[in-house]
Amino acid sequence: MNIPESKFPRIVIIGGGFAGVNLVKSLAKKEVQVVLLDKHNYHTFQPLLYQVSSSGLEPDSIAYPLRKIIKKNSNTFFRLAEVDNVNAKINEINTSIGTLSYDFLVIATGTKTNYFGSKTIEANSMPMKSIPQALNIRSLILQNFEKAAVTSSIKDRQAYLNFVIVGGGPTGVELAGAIAELKNHILPRDYRDLDSSIMQIHLLEGTERVLPSMSMTASKKSEGFLKRLGVRVHTNVFVKDYDGKQVTTNSDLKLQTETLIWAAGVTGSLVHGLKVESMLEKANRYVVNRFNQIEGYDTIFALGDIASMSTVDYPNGHPQVAQPAIQQGKLLGKNIMRIINKQSPKPFVYNDKGSMATVGRNKAVVDLKHYKFGGFFAWFIWMFIHLISLVGFRNRVIVFFNWTYNYINFDKAARLIIRPYKK
């Protein structure tokens with residue numbers, strides 16, 4: 001890998017997500033050598049992926065080069081690689097570009113889409129966990145609009161304009177709201193020869209309410225917002241099959257659609273080579289202690305979505321969202337330096353800053369520790385938090401400009417089919 005030898009301990013970090021990036025920042029200018037590995041050369045701000053999918057933002061607005069993050073750290077290196085496995089006996093990892101030894105290994109690989117064993121759904125649905133996948137969804141939506149405009153078959157037109165989103169968590173709710181705004185503001189203007197009332201957005205949730213991880217207040221408000229936007233919300237409904245044309249559910253509901261977007265769950269993206277007893281098989285997460293050490297290993301750690309840390313408040317592990325990953329990354333950098341300096345590490349304590357979701361223009365819900373509210377003020381807070389959380393000043397400026405433009409003009413400027421999608 002052409003990593004120079006160093007007199008300092010080598011810390012290898014797998015994954016440039018929220019956890020990995022914050023760990024790298026925490027170790028900046030310390031007496032260690034840091035090697036960051038990722039299969040992409042950029043960090044993705046995943047909470048705004050849905051806006052790329054729905055033509056609200058271009059992908060470079062929510063991506064930031066990993067090399068730019070580390071450019072001022074002379075002892076930090078980045079390599080574009082996929083990790084095949086870990087050989088813990090000799091402190092070595094095997095990757096697509098070679099092998100590398102380590103003194104400390106940190107796994108922060110995040111999650112991937114969980115299809116719950118259905119091969120047909122995996123083959124025919126659209127996931128949204130990465131920028132390329134978000135661009136695929138954007139292209140497919142716009143291509144369907146174009147096909148609907150030229151087809152003479154009413155049945156085919158309805159299938160092209162019928163969008164089914166599976167999963168009523170924050171991703172599904174936010175995407176459903178964004179596609180509804182396409183229907184309400186873009187379709188009538190760009191496709192004047194199409195009857196926009198034909199377009200339908202269906203949101204399917206397997207539990208009794210949308211946003212099941214948030215408060216009942218947030219669930220009720222968000223469902224009300226969605227219905228006002230024209231989204232058809234189906235609760236206690238889960239998908240049994242999708243053949244690319246028809247959605248079959250556990251109820252009498254059957255939907256004809258060319259587009260099914262799968263936001264129904266995630267599973268851990270594990271690295272091969274560690275002990276089976278170090279993992280939670282059902283969730284595909286590593287079992288870690290309060291210092292993020294993987295069970296059975298002293299020098300191998302897991303962070304963020306891939307880590308399951310059982311505590312009194314979180315017996316099943318912390319929620320798989322950005323904040324636990326950020327906080328664990330920051331603390332682990334300090335703890336590794338304490339271990340190197342023969343000091344005791346500090347246990348991780350999660351500071352829950354609340355949760356939020358947006359449903360569209362002037363519509364959002366926020367759950368704080370003592371306050372739960374929705375509407376315009378919640379939407380303003382959602383925008384502010386996401387704006388300041390973006391990596392890079394340029395990205396903040398571009399996103400702010402796009403949001404301002406979209407708000408004033410009821411427009412989505414990124415509705416371009418740059419790379420046509422083929423099923």
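- In this structure, the side chains of N402 and Q51 stay at 4.5 Å or more apart for every pair of heavy atoms.
- By the 4.5 Å heavy-atom criterion applied to side chains, K112 and T267 are counted as neighbours.
- In this structure, F401 and Y405 have parallel ring planes: the angle between them is below the 30° cut-off, well short of the 60° mark.
- Judged by distance alone, with hydrogens and angles left aside, the side-chain atoms of N124 form a donor-acceptor pair with the main-chain N or O of Y242 at under 3.5 Å.
- Expressed to the nearest 0.5 Å, how far CG of L161 lies from OG of S196 amounts to 9.5 Å.
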task: Decide side chain to side chain contact (heavy atoms under 4.5 Å, CB included) for L100 and R79; before the verdict, give the C-alpha distance in whole Å, the side-chain angles of both, and the deciding distance to 0.1 Å.
output: CA-CA 11 Å; L100 185 68; R79 292 293 181 264; over 6 Å; no
Residues L303, V288; criterion side chain to side chain contact (heavy atoms under 4.5 Å, CB included); working and verdict: CA-CA 9 Å; L303 293 176; V288 300; over 6 Å; no
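- Distance alone, capped at 3.5 Å, is enough to place a donor-acceptor pair between the H43 side chain and the G16 backbone.
- You'll find the side chain of L66 stays beyond 4.5 Å of the side chain of V24, heavy atoms only.
- Electrostatic pairing of K423 and E258 counts as a salt bridge here, judged by a charged N lying under 4.0 Å from a carboxylate O.
- To the nearest 0.5 Å, atom CZ of residue R232 and atom CG of residue L255 are 9.5 Å apart.
- Here the side chain of H185 pairs no donor or acceptor atom with the backbone of E181 at under 3.5 angstrom.
- Between the side chain of S153 and the main chain of D156, a donor-acceptor pair closer than 3.5 Å is present.
- Of all non-hydrogen atoms in R285 and N316, the two that sit nearest each other are NH1-O, 3.8 Å.
- A tilted orientation is assigned to the rings of W379 and F376, their planes being inclined by 30° to 60°.
- Nearest heavy atoms, E277 versus E295: O-OE2, 3.5 Å.
- A side-chain donor-acceptor contact under 3.5 Å links W262 to the backbone of N114.
- Put simply, the side chain of V239 does not reach to within 4.5 Å of the side chain of F116, judged on heavy atoms.
- Residues L211 and S222 come closest through the heavy atom pair CD1-OG, 3.4 Å.
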task: Report the C-alpha distance between T259 and N144 in whole Å, list the side-chain angles of each, state the deciding distance to 0.1 Å, and finish with yes or no for side chain to side chain donor-acceptor pair (under 3.5 Å).
output: CA-CA 9 Å; T259 310; N144 284 352; 2.6 Å; yes
message: Walk me through whether E146 and Y191 qualify under side chain to side chain donor-acceptor pair (under 3.5 Å).
response: CA-CA 9 Å; E146 297 295 337; Y191 299 86; 2.7 Å; yes
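- Nearest heavy-atom pair, L332 versus L23, reported as atom, atom and distance to 0.1 Å: C-CD1, 4.0 Å.
- Here the side chains of K346 and K334 are not in contact, with every heavy-atom distance at 4.5 Å or above.
- Here the CZ atom belonging to R67 is positioned 9.5 Å from the CG atom belonging to L36, to the nearest 0.5 angstrom.
- Between the side chain of E205 and the backbone N or O of T235, no donor-acceptor pair lies under 3.5 Å.
- Atom CD1 of I90 is surrounded by more than 12 heavy atoms from other residues, nucleotides or ligands within 6.0 Å.
- There is no side-chain donor-acceptor pair under 3.5 Å between T299 and N91.
- More than 12 heavy-atom neighbours from other residues, nucleotides or ligands sit within 6.0 angstrom of NZ on K372.
- Separation of atoms OG (S278) and CG (L270) is listed at 10.5 Å; rounding is to 0.5 Å.
- More than 12 heavy atoms of other shown residues, nucleotides or ligands fall within 6.0 angstrom of atom CZ in R189.
- Here H234 contributes atom NE2 and I165 contributes atom CD1; the two are 11.0 Å apart, rounded to the nearest 0.5 Å.
- Judged purely by atom type and a 3.5 angstrom limit, S61 has no side-chain atom pairing as donor or acceptor with the backbone of V399.
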- prompt: Do D313 and Y350 pass the side chain to side chain contact (heavy atoms under 4.5 Å, CB included) test, and can you show the C-alpha distance, the side-chain angles, and the key distance before you say yes or no?
  reply: CA-CA 9 Å; D313 293 330; Y350 177 44; over 6 Å; no
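- The 12-atom threshold is not exceeded at CZ of F380, counting heavy atoms of other residues, nucleotides or ligands nearer than 6.0 Å.
- Side chain of D103 to main chain of I11: no donor-acceptor pair is present (N/O by atom type, distance under 3.5 Å, no hydrogens or angles).
- More than 12 heavy atoms of other shown residues, nucleotides or ligands fall within 6.0 angstrom of atom OH in Y314.
- Between F18 and F45, the two ring planes are perpendicular [angle over 60°; tilted spans 30° to 60°].
- Using cut-offs of 30° and 60° on the angle between ring planes, the pair F145 and F163 is perpendicular.
- In plain terms, the two heavy atoms of A63 and I131 that are nearest each other are CB-CD1, 3.6 Å.
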field: Candidate pair D195 and R157, rule side chain to side chain contact (heavy atoms under 4.5 Å, CB included), full reasoning
entry: CA-CA 10 Å; D195 180 3; R157 186 178 301 131; over 6 Å; no
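- A donor atom on one side chain and an acceptor atom on the other are found under 3.5 Å apart for Q293 and N289.
- A side-chain N or O of S219 and one of R209 form a donor-acceptor pair less than 3.5 Å apart.
- A side-chain donor-acceptor contact under 3.5 Å links R10 to the backbone of S101.
- Judged by distance alone, the side chain of S139 and the main-chain N or O of R419 form a donor-acceptor pair under 3.5 Å.
- Here CG of N184 is found 11.5 Å from CZ of R361. Values are rounded to the nearest 0.5 Å.
- Counting heavy atoms from C-beta outward, Q46 and K129 have side chains that approach closer than 4.5 Å.
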